[in-house]
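Data block below; observations after.
These values consider heavy atoms only, across backbone and side chains, with no hydrogens, waters or symmetry-generated copies. On a predicted model such as this, the values are computed, not experimentally measured, just so you know. In the text below, chain A, chain B and the rest are named by the order of the sequence lines, each starting its count at 1.
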Amino acid sequence: MEYNYREIEKKWQNAWKDSGIYRVENNSDKPKYYVLDMFPYPSGAGLHVGHPLGYIASDIFARYKRLKGFNVLHPMGFDSFGLPAEQYAIETGQHPATTTEKNIDTFKSQLDKIGFSYDWSREIRTSDASYYRWTQWIFLQLFKSWYNHQTDKAEPLSTLIEEFKNNGSSNVKDIDSHFSAEEWNQFDNKQQQDILMQFRLAFSSYGEVNWCEALGTVLANDEVINGVSERGGHPVEKKKMRQWYLRITEYADRLLSGLDTVNFSEAIKEMQRNWIGKSEGAEMQFEVAGDEQEASSVSTEKIKVYTTRPDTIFGVDFLVLAPEHELVKTITTKDQQASINEYLTYVKSRSDRERQSEVKQITGCFTGAYALNPFDGRKIPIWIAEYVLIGYGTGAIMAVPCGDQRDFLFAKHFNIPITNIIGSHYNGEEANPTKDAILENSGFLNGILMKDAIGLALDKIVEKGIGRRKVNYRMRDAGFSRQRYWGEPFPIIWSDGIALPLDADELPLELPHVEKYGPGKEGEGPLSNLKEWVITPNGMRETSTMPGYAGSSWYFLRYMDPQNTETFADRKATDYWNQVDVYIGGTEHAVGHLLYSRLWTKVLFDLGYIGFEEPFKKLVNQGMIQGSSRFVYRVKDTNKLVSYGLKSDYDVTELHVDVNMVDGIELNIAEFKTWRNSEYADAEFILENGKYICGVETEKMSKSKFNTVNPDILVDKYGADTFRMYEMFLGPIEQSKPWDTKGIEGVHRFLKKLWRLFYDDVKGAIWTDEKATPAELKVLHKTIKKIEDDTERFSFNTSVSGFMVAVNELSDLKCHKREVLEALLILLTPYAPHISEELYHALGNKDSIISASFPKLESKYLIEAEKEYPISINGKMRTTITISLDATQDEIENIVLSHETIQKWVEGKTPKKIIYVKGKMVNVVV
RNA sequence: GCGCAUGUGGUGAAAUUGGUAGACACGUCAGACUUAGGAUCUGAUGCCGCAAGGUGUGGGGGUUCGAGUCCCUCCAUGCGCACCA
């Protein structure tokens, strides 16, 4: 009987579907375990071999945990709102809902073929009204909440209003203008609402946004890369628009400290820390000196700077303001006015893109004004320059050229004298940002190590009342609206400039149907063109929609209770399932999705809707599977193609060819000739050794590079079990690697070999009920230990090797004993569910192997009674000796020292020590 | 520039706490059975060498009886951030 994987896999996939065996209940005596994949965006291209890598890993782990006696939640769904579907709609006129639906069907059928154990009854789609109803609802909670710094958590706005009524704004910091309780009570509704808007966690404000003309939309900061859009690489410029934001900056500290409580890779944590960009330092004031020539302009202006290095205060040789700084107007002297105007014009003409890409260029302009060093009264010039950013810190810096390279280059470029406060640490050639120098020329800080001086200087600044300790973050509030159609509509109505939330029972606010997907006149979203929808008795509807990350920021909660119509998820369900135990996905979401999900979870926690504040306990990032592209070389202006090894003799252009037409590196010429409507049917080939050899390069997997490999083809050719195991066998899950189909045969061979332990081609079934021998049990228990250890630490590639070793050894032992084989099948289930189910039933079991339990390890079979140990003298291997395993250290020493060879080597000297190393080796040190 | 990660055969890679480096698989070579095989099985396979032997985990240095593993330093590759004061 042959291993007919096609039949077997189809049979069991249907059986599992019919019996609903993967359904998970929310109550169980078993401990819970939550294994989650990052749900996909259902793109039109379907799956390629890179997608399932993480899904296979999570499926293995989910199945493994199930065998281990856990109640496992392992759901799947679709992040189905987003830009590509809308772009496609604009191009083809098809409604995004239609194409999205179609794409999801393709994805699901592809996923089903691989044999995943998802509980499809919990499937969610972010574009379903029954789902985004709750996205809108959570948005309203954000809208109706503020961050109370006294209690250090989000609270309903009512507590803030209460505070204003009783005490005005005196206890509340970070507010534009202060007011008393009486004033608050006298404000009209609009004034009150405008103030409250400054506190809402989801708020609307006019702001500069990343406007992309080509996409007709506003992009989030992390969607803009080097001044161009992540998708499409279109230029991005600043534009003022009314936008929605999430006040994520309020959570900066907790998002940072929360990282210490989760098990993410150091790389991801670093990326998030970097994104949050916390720095501690001082904000301090410099007085602007009165100008002696113009006695009338004696200034009382003060310039606030932010610095992390207050210890360098005596090395300040000039101040620099951002060109957009508001004091530029007031402090510029008459003499410099013309130059300053010229410089400002220049800065305005530069796009963000230029400013970012031409970083090295040094530009700036002197204002004519001077500031006074608050410690020694030294007069220092005030400049403006584009290297100082208005958006960070105070938009002004104190420049210390001997310690900061940018300040140094600036000083050199404009011939500003440099004060050296770090002695020999500064060489005059470049700045030295050290903290290990002893300070010189530094007044009261002279002779003090810079590291220690930071604190002293801070204290002094506070004491003199010229500044304060200040923490700064690089992170900005997150833009939360798009001038787009295919997203969640905001449950907001504008009335006289006031944002009115819909009531919870008015949700969902469904996305209305539109005919055209073009933007409104002023760049608003397509919804603005639907007059009858926009105009309501209470006011005008908000016409922008929520961004892609809205729905994905909380979907892991919805899986816990997906059909609930009363709430986003019942508290009992979220308490039971709690945090996601393992979350598997790519690094591309390191700062975007992961940060927003953490934010939403923290807000829902603060407001008391859920009982945990970090969504993901452990994060595993699967590496990207890159494409391995193949090239042919066309001789310029001819229809001749030259083989790789001979291409240097010709002037050639490189062309991608479909990897599926190439066997290794040899082109299948016959197939190539029929490719793309026989475009190359008449091509001539210049061969080497009778073959056409292709060039090879590793690139991102993409259709346009013809290097995608469709999993369907591999599943069809080798079966899902082979495919699953091969993807795992490829290498460590977290490592990126190019796809290479070559080795798949080896894994397929392994499964056939396993099959032959059960069935003989001639004799048929050959398993027996005989008792297993110790040697056979040893193989089994060694494998149990290996699979358990490797699976627990996500080392799936070595697990697969472990199975191969086991099957090789059992074949050598001619072991066909049920006792051993049945246990082996259970171990194998997570990796190759179909074949193990088939053989498990063949052995006579009635129940599905999925509900079996993981074989118990009996460690006595792991240990041999005696073992041959290598013995080394002074680290050099000399001989071996057989020692019983329960021998004590003393006994071992006696046996070793009485050994003939050892005695000869030691030659009567007394050994200094005998090291008995972890049951592996004996070393004698003479 | 800063941060993080990774460097092991022809290839993908093992080696969990420092203990016989290269498990397992691909590829290659040889052989068996076959009319045939892109089926199956057996054996060999880090490198140099006929061999004995030598050598070997990116380079250099160090700790240790013993280093792929720990420390220092340099180099290379990948990813992330990038005028953040």
* Answer yes if the ring centres of A/Phe410 and A/Phe408 are under 6.0 angstrom apart, and no otherwise. =>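 No, they do not, as the ring centres are separated by 6.0 Å or more.
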Below 4.0 angstrom from OP1 or OP2 of [N], is there any side-chain N or O of [X]?
X	N	value
A/Gln272	B/G80	no
A/Ser279	B/A85	yes
A/Arg273	B/C4	no
A/Tyr306	B/A85	no

* Asked: In whole Å, what is the span from the CG atom of A/Asp311 to the C1' atom of B/A85?
  ->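 That distance rounds to 13 Å.
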* What is the distance from NZ of A/Lys742 to P of B/U28, rounded to the nearest Å? ->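 Going from A/Lys742 (NZ) to B/U28 (P), I get 7 Å.
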* Between A/Thr367 (side chain) and A/Ile382 (backbone), is there a donor-acceptor pair under 3.5 Å? ->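 Yes, A/Thr367 side chain to A/Ile382 backbone: donor-acceptor pair under 3.5 Å.
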* To do: May I ask you to decide if A/Tyr426's main-chain N or O and A/Asn432's side chain share a donor-acceptor pair within less than 3.5 Å?
  =>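 No.
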* Asked: Using the purine O4'-C1'-N9-C4 or pyrimidine O4'-C1'-N1-C2 torsion, is B/G78 syn (within 90° of 0) or anti?
  ->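 Glycosidic conformation of B/G78: anti.
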* **Closest-nucleotide 5' rank along RNA chain B - winner of A/Val747 and A/Gly391** =>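 Its nucleotide being nearer the 5' end, the pick is A/Val747.
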* Asked: Given that both pair distances must be under 3.5 Å and the pair must be Watson-Crick or G-U, what runs of three or more consecutive pairs involve RNA chain B?
  ->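 RNA chain B forms these stems: B:1-7 with B:75-81, B:10-12 with B:24-26, B:27-32 with B:40-45, B:46-48 with B:53-55, B:58-62 with B:70-74.
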